[in-house]
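Notes to accompany the following structure.
Residues take their numbers from the sequence shown, with the count starting at 1. Fair warning: this is a prediction, and the values are worked out from it, not measured in the lab.
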Amino acid sequence: MLSNLDYQIFHLINEQANSFSALNGLMRFFAEDAQYVFALALLLYWFSRNTLNRKMVLSAAVSASLGMGISFIIGHLMYRDRPFVTHTVIQLIKHPANASFPSDHAIGAFALAVTFWLYGKRFRIFWLAAALLIGFSRIWAGVHYPSDVAAGALVGAFCAVSTRFMLLRFKRPQQLADLCLELYEKAEHKIWNKSTKPQSEDA
């Protein structure tokens, strides 16, 4: 399953960890922790209390979940060892020796970044660049082959586009999303009112 070209590109990128070791700290951040920046963005968009932002967050969550489901199936049908299992690599981060193909990090990052793009967010180019760096850093850090990342990016982008399409073109998904938001916002409104209601002063 692993082509010679795939390994050559992996080796070329991974070797840069020696040639440009000053970048290793940045690459570790993108390989391990940048995903939490995406998670924080989802929280900020959700608690902006803007209906369109909340619909976008729902779309992003569905896209990422769908992508992880697809990854689980592919990982069992087309199992591939991690690069550090079968080759001598420069491994910058610890990682279990589980399925390498496709990259879950790439799926999640591109599912969210493409969703932000489709909803016309102001910093959509930043999010796409961050997703690309997450994928690239996983190769640099020695835990994924280039085709793992490419496949993950395609799956994530496909799920984002498909979810957005369904929400735009079909009534049932739209109604379900609207119902979820309506129920949540009713509960939020009650909690918010209780927490902000002034307490009566003792006479």
For [X] and [Y], which heavy atoms make the closest approach, and how far apart are they?
| X | Y | answer |
| --- | --- | --- |
| V89 | G142 | CG2-O, 4.0 Å |
| P146 | I139 | CA-CD1, 3.6 Å |
| S100 | V143 | OG-O, 3.9 Å |
| P83 | F10 | CB-CZ, 3.5 Å |
| A141 | A31 | CB-CB, 4.3 Å |
| F101 | A151 | CE1-CB, 3.5 Å |

Hphob cluster co-occupancy, [X] + [Y], side-chain heavy atoms under 4.5 angstrom:
| X | Y | value |
| --- | --- | --- |
| I73 | I70 | yes |
| L58 | L43 | yes |
| L176 | L52 | no |
| F20 | F136 | yes |
| I93 | L26 | no |

Working to the nearest 0.5 Å, report the span between [atom1] of [X] and [atom2] of [Y].
| X | Y | atom1 | atom2 | value |
| --- | --- | --- | --- | --- |
| K121 | M56 | NZ | CE | 5.0 Å |
| R80 | Y145 | CZ | OH | 7.0 Å |
| H76 | S71 | NE2 | OG | 10.0 Å |
| L132 | F30 | CG | CZ | 10.5 Å |
| I107 | L154 | CD1 | CG | 10.0 Å |
| D104 | Q35 | CG | CD | 10.0 Å |

Side chains of [X] and [Y] in contact at under 4.5 Å (non-hydrogen atoms):
| X | Y | result |
| --- | --- | --- |
| K55 | D178 | yes |
| M27 | Q16 | no |
| D148 | R82 | no |
| N24 | W140 | yes |
| F29 | V37 | yes |
| V155 | L66 | no |
| R54 | E185 | yes |

ask   = Are S48 and N53 close enough that a side-chain donor and a side-chain acceptor fall under 3.5 Å?
value = yes

request  = Could you pull out all residues at least two apart from Y119 that satisfy ring pair (Phe, Tyr, Trp, His ring centres under 6.0 Å)?
outcome  = none

Which residues share a ring pair (Phe, Tyr, Trp, His ring centres under 6.0 Å) with F38, sequence neighbours left out =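 Once residues adjacent in sequence are excluded, the partners of F38 under the ring pair (Phe, Tyr, Trp, His ring centres under 6.0 Å) criterion are W127.
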
message = If we check ring-ring contact (aromatic ring centres under 6.0 Å, His included) with F116, which of these qualifies: F110, F126, Y45?
response =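 Output: one option passes, namely Y45.
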
task = Could you give me the CA-CA distance, side-chain angles and deciding distance for D6 and S147, then say whether side-chain hydrogen bond (donor to acceptor under 3.5 Å, both in side chains) is met?
result = CA-CA 7 Å; D6 201 13; S147 59; 2.4 Å; yes

key: Residues in side-chain hydrogen bond (donor to acceptor under 3.5 Å, both in side chains) contact with S59, at least two apart in sequence or another chain   = none

task = Evaluate the side chain to side chain contact (heavy atoms under 4.5 Å, CB included) criterion for residues T115 and V57: first the C-alpha distance (whole Å), next the side-chain angles of each, then the deciding distance (0.1 Å), finally the verdict.
result = CA-CA 9 Å; T115 298; V57 172; over 6 Å; no

Quick check on [X]: does its [atom1] atom have over 12 non-hydrogen neighbours (other residues, nucleotides or ligands) under 6.0 Å away?
| X | atom1 | answer |
| --- | --- | --- |
| F84 | CZ | yes |
| F72 | CZ | no |
| I125 | CD1 | no |

query = salt bridge (charged side-chain N to carboxylate O under 4.0 Å, His left out) between D33 and R28: does it pass, once the steps are laid out?
reply = CA-CA 8 Å; D33 300 323; R28 285 192 189 97; over 6 Å; no

ask   = Counting distance only, does the side-chain N/O of S65 pair as donor-acceptor with the main-chain N or O of V62 below 3.5 Å?
value = no

ask   = Would you say S103's side chain and V149's backbone share a donor-acceptor pair under 3.5 angstrom?
value =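 Here the side-chain-to-backbone pair does not exist.
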
task = Any chance you could lay out the side chain to side chain contact (heavy atoms under 4.5 Å, CB included) test for Q174 and R169, step after step, and finish with the verdict?
result = CA-CA 8 Å; Q174 291 177 34; R169 297 296 298 271; 6.0 Å; no

task = Evaluate side chain to side chain contact (heavy atoms under 4.5 Å, CB included) for V161 paired with W117, printing each intermediate quantity in order.
result = CA-CA 10 Å; V161 172; W117 182 279; over 6 Å; no

message = Here's a test for you: under side-chain hydrogen bond (donor to acceptor under 3.5 Å, both in side chains), which of R138, H144, E32 qualifies with H95?
response =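 Of the listed residues R138, H144, E32, the side-chain hydrogen bond (donor to acceptor under 3.5 Å, both in side chains) partner of H95 is R138.
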
